[in-house]
Number of protein chains: 2
Amino acid sequence: MDERVPRDFETLRTTILERRHSLPKRIAQIAAYALDNPDDIAFGTAASIAASAGVQPSTLIRFAQQLGFDGFTSLQLVFRERLRERNSSYDERLAALRAKAEEGAGHRAIFDGFVAAASTSLNDISGRLNEEHFEDAIALLAKAETIYVLAKRRSYPVASYIAYALGKLKIRNQLIESAAGLNAEMIGFASPRDAVIAISFSPYAPAAIEEARVISEQGVPIVAITDSSFSPLAQFAKVWFEVAEADFAGFRSLSATMALAMALTVAVGEKRRDTGRKRKA
Amino acid sequence: MDERVPRDFETLRTTILERRHSLPKRIAQIAAYALDNPDDIAFGTAASIAASAGVQPSTLIRFAQQLGFDGFTSLQLVFRERLRERNSSYDERLAALRAKAEEGAGHRAIFDGFVAAASTSLNDISGRLNEEHFEDAIALLAKAETIYVLAKRRSYPVASYIAYALGKLKIRNQLIESAAGLNAEMIGFASPRDAVIAISFSPYAPAAIEEARVISEQGVPIVAITDSSFSPLAQFAKVWFEVAEADFAGFRSLSATMALAMALTVAVGEKRRDTGRKRKA
DNA sequence: TATGGATTGGAATTATTATTTCATATTGCC
DNA sequence: GGCAATATGAAATAATAATTCCAATCCATA
């Protein structure tokens, strides 16, 4: 057997794609089928797979051999391994990956770690979202004239995506960033007819907290996304969400926060359209 | 065959747990093994499973028959089906949620949709990452004097998080944003000893592409994160990654891109530390 | 358009794997 | 403790599936 037989699915995939154009017709046919229906390869028999792909079983074996396997069976193992991997629980994987990365197990482990952290966070939030708070927040933001988006440091990427999405949905908004140093003035314009989305996680950026305080004292309602009920942000907020993001290598995932933020934004956009229609009708 | 043969895994599981205490010793042994190692049942042969569980193959068949199956093969089908379901579930769920949201099924559906989109994207990228490219990118970025981070519009949140993380890791970096209009000057400073992380997805922001072109012509190596091999960004890049983000309600998830970006950043940080240590030693 | 090499189809063969069978052991019950 | 019913182990057998082989076909090239 060739020394460089693809042992994991991704390598196999790449190899197939590379050689795609130099493969004979029938072999190419089964190659395409394999990448499109990996599950069938994992579970089927040579005969059943060949039939589904419209080739002879022998072609399937030739395909495997071209890739360096010694037969269909060893090729199939790669497809089976892929399913196994995919299904192992994320929490377990995350723990294992942290340990692995700790002992310096290469860069792949770092990547896997971030993916696992993000998945864990998403998993977590999907069960935790308080639907009532969610509706309240949407209602509150939907009737705002201008939505102010307030976040610093680690949370800033989320804020910038919210601002981008609000812009696309033609909802007036103002991102409060620190760069220009004009925050105080910007905040000064906010009125009780507006609303704020504020995002901050421990360790809370003092500037974000301070600005949230000022703006709430002006009577502007705040929707907060933060990480615990003890968050200083929670006390200024009309509605707040607790989002627990898993971290890896010292950096927290943003995926759950992002998902919540986008859902809020789009829901607000939808609610406004509905309200608009009703008014006209 | 019994009329009430468990056809799905959950029913099977329940059935086994119910009868657990009335089963003969060896059969109970294999029952426990089956629930603990469902993946092994799905993929193994009767002989290999029996060996792992410490029983005879015939016992395994008797176990299947006790449950009403006519043999091990039909029992195994249930375990295989379970793996299939699990894997397809995300894509299917996403499609279902999209349909639901279309017909105005409330705000919770929007939230679920974004979570599903993010999960799908993560699932997808975790199998797809080309490890070689990943290592190349890390090597390239680790030896850069300054890392320039280039992204507009939708990709900008990712860039800002990269910049934040690089800063925390004390790696010199420069975010190229459009706001101040000084991009041309900023780009002018970049030299072949630096490197760029460029992120852009279809529809590619013309400014991002143009800036990538200019900077690559200056001989600065580019690591690109984009969405297909046809991306205009790919042609300027030394290394590029294809990230397929699922979208929901017109907004693409960023979670896969974020995970990749963070992994790159942290890996670069680690590589620099290692190199530093070696130099001193 | 003839020729050699590559590719393919299909049946024959071999291998692997599930199932059955039967002898032996164990358990519960009188 | 003895007997019947049940459970188990191990090997034989049957079924299924992978692989090989060879003839037929296709395709490029002279």
Side-chain angles (χ1 to χ4, degrees), chain A residues 1-2 5-6 12 15-16 19-34 37-81 83, chain B residues 1-2 5-6 12 15-16 18-34 37-81 83-84:
Chain A
M1 206 198 286
D2 191 321
V5 182
L12 179 60
T15 312
I16 292 173
R19 302 200 196 161
R20 185 167 36 172
H21 298 293
S22 65
L23 291 173
K25 196 172 65 167
R26 292 266 113 117
I27 308 263
Q29 190 175 328
I30 193 84
Y33 183 86
N37 309 68
D39 288 11
D40 287 357
I41 307 283
F43 291 121
T45 68
S48 72
I49 296 164
S52 308
V55 301
Q56 289 289 328
S58 44
T59 307
L60 179 47
I61 285 160
R62 287 178 194 123
F63 167 60
Q65 287 169 342
Q66 286 234 1
L67 291 169
F69 298 94
D70 53 21
F72 165 68
T73 310
S74 9
L75 170 74
Q76 192 178 41
L77 284 180
V78 175
F79 283 78
R80 291 190 166 179
E81 205 43 53
L83 286 188
Chain B
M1 206 197 289
D2 190 324
V5 182
L12 179 60
T15 312
I16 292 174
E18 268 170 15
R19 304 200 194 161
R20 186 166 36 171
H21 297 293
S22 64
L23 292 172
K25 196 171 65 167
R26 295 264 112 120
I27 309 262
Q29 190 174 327
I30 194 83
Y33 182 85
N37 309 69
D39 288 11
D40 287 358
I41 308 282
F43 291 124
T45 67
S48 73
I49 296 164
S52 306
V55 301
Q56 290 289 327
S58 43
T59 307
L60 180 47
I61 287 161
R62 287 178 195 123
F63 167 60
Q65 287 169 342
Q66 285 233 358
L67 292 167
F69 298 96
D70 52 22
F72 165 69
T73 309
S74 13
L75 170 74
Q76 192 177 40
L77 284 181
V78 174
F79 283 79
R80 293 191 165 180
E81 204 45 51
L83 284 189
R84 254 183 220 255

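All chains are named by letter (A, B, ...) in the order of the sequence lines, taking the proteins before the strands, and each is independently numbered beginning at 1. On a predicted model such as this, the values are computed, not experimentally measured, just so you know.
A distance of 8.5 Å separates CG of A:Leu23 from CD1 of A:Ile16, quoted to the nearest 0.5 Å. Note that the CD1 atom of A:Ile61 and the CZ atom of A:Phe72 stand 8.0 Å from one another [nearest 0.5 Å].
Not one N or O on the side chain of A:Gln56 forms a donor-acceptor pair closer than 3.5 Å with the backbone of A:Ala50. Formation of a donor-acceptor pair under 3.5 Å by the B:Arg84 side chain with backbone atoms of A:Phe43 is not found in this model. Remark: side-chain polar atoms of A:Gln76 are not paired, donor with acceptor, to backbone N or O of A:Thr45 under 3.5 angstrom.
Counting to the nearest Å, the P atom of D:dT25 and the NZ atom of A:Lys25 are 15 Å from each other. The interatomic distance linking B:Arg26 (CZ) with C:dA25 (P) rounds to 15 Å, in whole Å. Computed from coordinates, the A:Ile49 CD1 to D:dA17 C1' distance equals 11 Å when rounded to whole Å. When the P atom of C:dT26 is taken as reference, atom CG of B:Leu23 falls 20 Å away, rounded to whole Å.
At the heavy-atom level, A:Leu60 lies nowhere under 4.0 Å from the strands shown.
Residues B:Arg26 and B:Gln29 have side chains that bring a donor and an acceptor to within less than 3.5 angstrom of each other.
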- prompt: If the sugar-phosphate is the primed atoms plus P, OP1 and OP2 and the base is the rest, what is the B/S/- string for nucleotides 10-23 of chain C, using protein heavy atoms under 4.0 Å?
  reply: B------SSBBB--
